[in-house]
Amino acid sequence: WESYTWSDYGQKAREIGSGLLYLGLNRGDVFSVISDNNKEWLFTDMGIIGAGGVTSGVYTTDSPKQLKYLINDSNSRFLFVENEEQLDKYLAIRGETPGIEKVIIYDSEGLHDFKDEKLCMIADLYEMGRQFDNANPGLWDSKIAESQPADLMVLIYTSGTTGPPTGAMIRHL
């Protein structure tokens, strides 16, 4: 059992958001996340939203073909994956998802010797975020302040049981 304070939560979200800003996040960019519920998912969601991005969750049971559809339909620039199993889904469709610039992995077990310039471990993103935040004081707070009620915040896709999944756009309102 690990406990986290709200301060810890805020700090991790800030590190992720700042790391994404370092990697080139632009307001409104979509970030797909394929993971079971865990603390990193929560930190990621708040980090993306705080930095001005849009979170789009992907079911962990989705196939590579479904993942490809969701990534391409949402115009995702970044993908967060929980582990090797979810990474394998992305690797199977990598050539068909040209918009993905970086894949961030939460759990590196089984991937210690796997090297790829498009992949990044969450620990590395936290470190990038700490350094970028320290070098740019006030930027994180200004990004949060820039958010407007009508800005897109979350993109939630339907299951697609009666046709292709449809993205429901949830705004800050």
Side-chain angles (χ1 to χ4, degrees), residues 12-13 15-129 131-132 143 151-170:
K12 290 297 187 187
E15 290 169 2
I16 287 175
S18 295
L20 295 173
L21 289 166
Y22 172 77
L23 292 174
L25 176 148
N26 296 309
R27 184 161 291 282
D29 283 346
V30 179
F31 297 76
S32 288
V33 182
I34 184 167
S35 175
D36 287 323
N37 294 334
N38 56 46
K39 65 186 182 311
E40 288 81 13
W41 209 136
L42 296 172
F43 302 155
T44 298
D45 191 35
M46 279 298 128
I48 291 168
I49 293 167
V54 178
T55 304
S56 180
V58 178
Y59 296 109
T60 56
T61 55
D62 280 356
S63 69
K65 180 180 175 183
Q66 291 166 311
L67 177 62
K68 177 182 83 169
Y69 174 82
L70 296 172
I71 287 172
N72 290 336
D73 189 69
S74 66
N75 294 315
S76 291
R77 285 185 60 203
F78 296 85
L79 174 65
F80 285 83
V81 299
E82 180 177 2
N83 52 27
E84 184 177 9
E85 176 186 359
Q86 302 307 333
L87 177 62
D88 286 344
K89 292 176 185 180
Y90 165 73
L91 294 174
I93 49 102
R94 178 182 190 159
E96 302 169 78
T97 55
I100 294 295
E101 296 174 21
K102 191 65 82 176
V103 177
I104 297 97
I105 305 162
Y106 294 150
D107 181 356
S108 62
E109 186 174 338
L111 298 169
H112 299 290
D113 295 327
F114 191 79
K115 301 290 183 219
D116 186 308
E117 65 183 38
K118 197 174 256 194
L119 304 182
C120 173
M121 299 302 169
I122 192 72
D124 297 326
L125 184 63
Y126 286 138
E127 183 57 31
M128 281 183 243
Q131 291 180 16
F132 188 74
K143 290 297 180 184
D151 288 350
L152 185 59
M153 181 178 72
V154 177
L155 190 56
I156 301 173
Y157 277 85
T158 61
S159 63
T161 54
T162 60
T166 303
M169 298 185 296
I170 311 299

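These figures come from a predicted structure and were not determined experimentally. Just so you know, residue 1 is the first one in the sequence shown, and it goes up from there.
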- prompt: Side-chain contact, heavy-atom cut-off 4.5 Å: I100 with R77?
  reply: no
task: Quick one: pull up CZ in F31 and CD1 in I104 and give me the separation to the nearest 0.5 Å.
output: 7.5 Å
field: Q131 side chain to M128 backbone, donor-acceptor under 3.5 Å
entry: no
- prompt: Which atom names give the shortest non-hydrogen contact between Y126 and K12, and what distance separates them?
  reply: CE2-CD, 3.6 Å
message: For the CG atom of L20 and the CG atom of N26, what is their distance to the nearest 0.5 Å?
response: 11.5 Å
statement: So OG of S18 and CD of E127: to nearest 0.5 Å the spacing works out to 12.0 Å
field: Euclidean distance, F43 CZ relative to N38 CG, rounded to 0.5 Å
entry: 9.0 Å
field: Check: V30 and N75 side chains under 4.5 Å, non-hydrogen atoms
entry: no
field: S74 and Y157: side chain donor to acceptor below 3.5 Å
entry: no
message: Keeping T97 on the side-chain end and R94 on the backbone end, is there a donor-acceptor pair under 3.5 Å?
response: yes
Shortest non-hydrogen contact from V58 toward S32: CG2-CB, 4.1 Å
field: Nearest heavy atoms of Q86 and I34, plus distance in Å
entry: OE1-CD1, 3.0 Å
task: To the nearest 0.5 angstrom, please state how far the CD atom of E15 sits from the OH atom of Y22.
output: 15.5 Å
query: Within a reach of under 6.0 Å around NZ of K118, are more than 12 heavy atoms found that belong to other residues, nucleotides or ligands?
result: yes
task: Locate the shortest heavy-atom distance separating T55 from V33; write the atom from each residue and the value.
output: CG2-CG2, 4.2 Å
field: V54 vs I48 side-chain heavy atoms within contact, under 4.5 Å
entry: no
- prompt: Are any of the side-chain heavy atoms of P98 and N72 separated by less than 4.5 Å?
  reply: yes
query: Is there side-chain contact between Y69 and D62, with at least one heavy-atom pair below 4.5 Å?
result: no
query: Of all heavy-atom pairs between I16 and I122, which one has the smallest distance, and what is that distance?
result: CD1-CD1, 4.0 Å
- prompt: Does the side chain of L125 reach to within under 4.5 Å of the side chain of L23, using non-hydrogen atoms?
  reply: yes
- prompt: How about R27 and D151: do any of their side-chain heavy atoms sit closer than 4.5 Å?
  reply: yes
field: Minimum side-chain heavy-atom gap L79-K89 below 4.5 Å
entry: no
query: In Å, rounded to the nearest 0.5 Å, how long is the span from CD1 of I93 to CG of D88?
result: 11.5 Å
message: So which atom in E117 and which in K102 form the shortest heavy-atom distance, rounded to 0.1 Å?
response: O-NZ, 2.9 Å
